[in-house]
Amino acid sequence: MTETATEPAKRSSLTASRGGAAGDKVFSGLALAAGVIILMVLAFVAIFLVVESLPALWPEVFSDEESIESADTFWQYVWPLMAGTLIASIIAILLATPVAVGIALYISHYAPKSVATPVGYVIDLLAAIPSVVFGAWGMTTLAGGVVPLYKWLHEYLGWIPLFGGDAGNTGRALLTSAIVLAVMILPIITSLCREIFIQTPKLHEEAALALGATRWEMIRMTVFPFARAGIISSIMLGLGRALGETMAVTLVLSPGIFSWSIITSGRNATIPSEIALNFPEAFGMRQSELIAAGLMLFIITLVVNMIARWIVNRHKEFSGAN
Amino acid sequence: MSKRIEAIDLNVYYGNFLAVEGVNINIEPRSVTAFIGPSGCGKTTFLRTINRMHEVLPGARAEGRLLLDGEDVYATGVDPVTVRTQVGMVFQRPNPFPTMSIRDNILAGHKLNGARMSRSEADGIVEKSLRGANLWNEVKDRLDKPGSGLSGGQQQRLCIARSIAVEPDVILMDEPCSALDPISTLAIEDLINELKNEFTVVIVTHNMQQAARVADKTAFFNIAGTGKPGKLIEYDETSVIFNNPANKQTEDYVSGRFG
């Protein structure tokens, strides 16, 4: 700096670059590259799925055959799988979300520190269990345990189509898969919600308390509105995992044709488990069918995430971010 | 409504640490009282014991008696939630609920109390409170916009409007102007002068000119050293505290000689 001051004719002190500017350029380049790579990977996956699915989607145009193997049309084949996937995932979300939000609130706002920390660790530990273990547990332990419950549901609530079918004796039905999925996504939702609940500004919590709010009212006035977008995001992440979960469902569910009854064994199937069960032996048209089913799952997940974004953005003005 | 505040031998602890020791004070209804003193001397801590807000921190507790018109706030069976509906509080930094509109911010306290009111009653409360906080003319056309869109000074007046909306007996202010510019500060000080016609106002401030401008009486708190409890040193008419204090520590503090 002193050098530029003594030789003003040669270099302006303003145009001389400061040390560290190179690092800034490198970092912005890296960030750009990371963003481009993500988009490219996504594009390649989408292209692969579309190209490989075309024979199944339009057999008349893109293959030598008249129709697909498993059904008359692709939609006839795929809609029961889509319905099974969505039903299982939605039930899993409905079961897991209230429990997860409750646990997260307990850890963040109710429990003394000596309890909250170990409970938090246990939740994180639950997230570390491989899905195949959940599947094995669901198949051996849970499926047997829920049979009496299914029988009860069928007997007393059988007029609801969901419990309309015969309960059977194995319990390896769609509802069992949904319960396993709920346990699996519980830690994701819980730990994300806890992170967000903790970040609620103390200032807002105290504002509510000073107005004479009880702790629950304070949570409803400040914590939930503040955490709203975060809760939705965590549910969507959980939903994403439930939609794509393969191993746990494959082990638990004994698949079959679509049925509204979610307590009957040998009914319903989900896209990921359908692919996992059949892909190793599939070739030609059958392989295209399965990949096309995967494409449908991809689209479902995309739509779910777009809906989530839309919900989050709708109340941006009131989000507290400004 | 406006209530007298009396503290009798009040000690405040954080866990085992004695933060404020032996406060005896008698604050008149319909008056403005300022708490001054160096940082960490316990003035905010004592202020927060008046509406039991210090209990929000785990391990914080108070011993002794604190009377609102003769009723002990710390008697067994007293719910801090009830105390806080009668003793409003304004914080150091403006904290309107960001997810609520200006109108809903004002009505937040009423909704907590489970009051069912008609649209016109609610409108009346909103207008009265905002007028009371000298904010009505500035926000009357955007009551449904979020409170966080206002300027800092307006937000702080919105917070004052929110606390007077439930018609408390006492309003506590914890350095309400420390995050504001001088013009907003003046607006708040004018407002404090009006508030004392209806409420007992207690204000913690680091600004001695502010105490001299707004307070009828002033209490000086001091601390003997780090780790020692804060104490109420002197409590008298504001003019006495600033011009003719009885205690040497008070004189040193108000004349700018610390020690």
Side-chain angles (χ1 to χ4, degrees), chain A residues 101 105-120 193-194 196-233 310-322, chain B residues 47-48 50-59 79-102 104-114 144-150 155-156 158-159 162-166 168 170-174 179:
Chain A
V101 170
L105 265 187
Y106 176 73
I107 298 173
S108 64
H109 283 84
Y110 283 91
K113 214 176 173 118
S114 55
V115 178
T117 318
V119 172
C193 284
R194 182 193 55 175
I196 296 155
F197 290 165
I198 288 175
Q199 286 169 22
T200 311
K202 267 261 140 10
L203 213 58
H204 297 150
E205 293 183 4
E206 291 198 338
L209 291 173
L211 274 180
T214 62
R215 201 179 321 210
W216 172 237
E217 288 166 337
M218 179 271 281
I219 285 168
R220 275 199 332 218
M221 277 174 93
T222 62
V223 178
F224 283 158
F226 174 81
R228 202 165 154 279
I231 296 173
I232 294 171
S233 309
W310 177 70
I311 295 173
V312 169
N313 281 336
R314 218 172 29 155
H315 284 271
K316 212 171 201 169
E317 202 182 5
F318 286 86
S319 72
N322 42 2
Chain B
L47 187 82
R48 287 167 70 98
I50 298 176
N51 66 345
R52 295 184 66 167
M53 273 300 284
H54 71 296
E55 290 171 22
V56 170
L57 292 172
D79 187 349
V81 169
T82 319
V83 175
R84 290 174 202 148
T85 58
Q86 297 175 18
V87 183
M89 188 160 201
V90 177
F91 293 82
Q92 200 164 349
R93 280 175 46 212
N95 56 357
F97 297 120
T99 51
M100 292 184 195
S101 65
I102 293 172
D104 288 342
N105 261 287
I106 303 289
L107 295 173
H110 281 277
K111 285 191 180 142
L112 281 179
N113 297 339
D144 291 322
K145 291 276 184 302
S148 47
L150 300 174
Q155 286 190 24
Q156 194 62 300
L158 175 60
C159 293
R162 179 176 65 190
S163 46
I164 61 179
V166 289
V170 177
I171 296 180
L172 308 176
M173 296 188 176
D174 184 4

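Sequence lines set the chain letters: A, B, ... in the order given, protein chains first and strands last, and positions in each chain run from 1. All heavy atoms count here, side chains included; hydrogens, waters and symmetry mates do not.
- The part of B:Pro94 that comes within reach of chain A is its backbone (N, CA, C, O), which places non-hydrogen atoms under 4.5 angstrom from that chain.
- For residues 105-116 of chain A, the set of pairs meeting the side-chain hydrogen bond (donor to acceptor under 3.5 Å, both in side chains) definition, not counting sequence neighbours, comprises A:His109-A:Glu205.
- Using a 4.5 Å cut-off between heavy atoms, B:Val56 touches chain A through its side chain atoms alone.
- Counting heavy-atom pairs closer than 4.5 Å to chain B, the top-ranked of the candidates A:Ala213, A:Pro112, A:Pro201 is A:Ala213.
- Only the side chain of A:Thr222 comes within contact range of chain B, judged by heavy atoms closer than 4.5 Å.
- The pair A:Glu206-B:Arg84 does not meet the salt-bridge criterion, since no charged nitrogen lies less than 4.0 angstrom from a carboxylate oxygen.
- Per-residue counts of heavy-atom pairs under 4.5 Å with chain A were compared for B:Leu112, B:Asn51, B:Val83; the largest is that of B:Leu112.
- A:Arg220 has no carboxylate O lying under 4.0 Å from a charged side-chain N of A:Glu217, or vice versa, which leaves the two without a salt bridge.
- Among B:Gly88, B:Ala108, B:Ser163, the residue with the largest count of heavy-atom pairs under 4.5 Å with chain A is B:Ala108.
- Both the backbone and the side chain of B:Arg162 come within contact range of chain A, each with at least one heavy atom under 4.5 Å from a heavy atom of that chain.
- Here the closest heavy-atom approach between residue B:Phe91 and residue A:Ala207 is recorded as CE1-CA, 4.0 Å.
- The shortest non-hydrogen separation linking A:Phe226 to A:Ile196 is CE2-O, 3.7 Å.
- Residues satisfying the side chain to side chain donor-acceptor pair (under 3.5 Å) test with A:Gln199, not counting sequence neighbours, are none.
- No part of B:Pro80 comes within reach of chain A, as not one of its non-hydrogen atoms sits under 4.5 angstrom from that chain.
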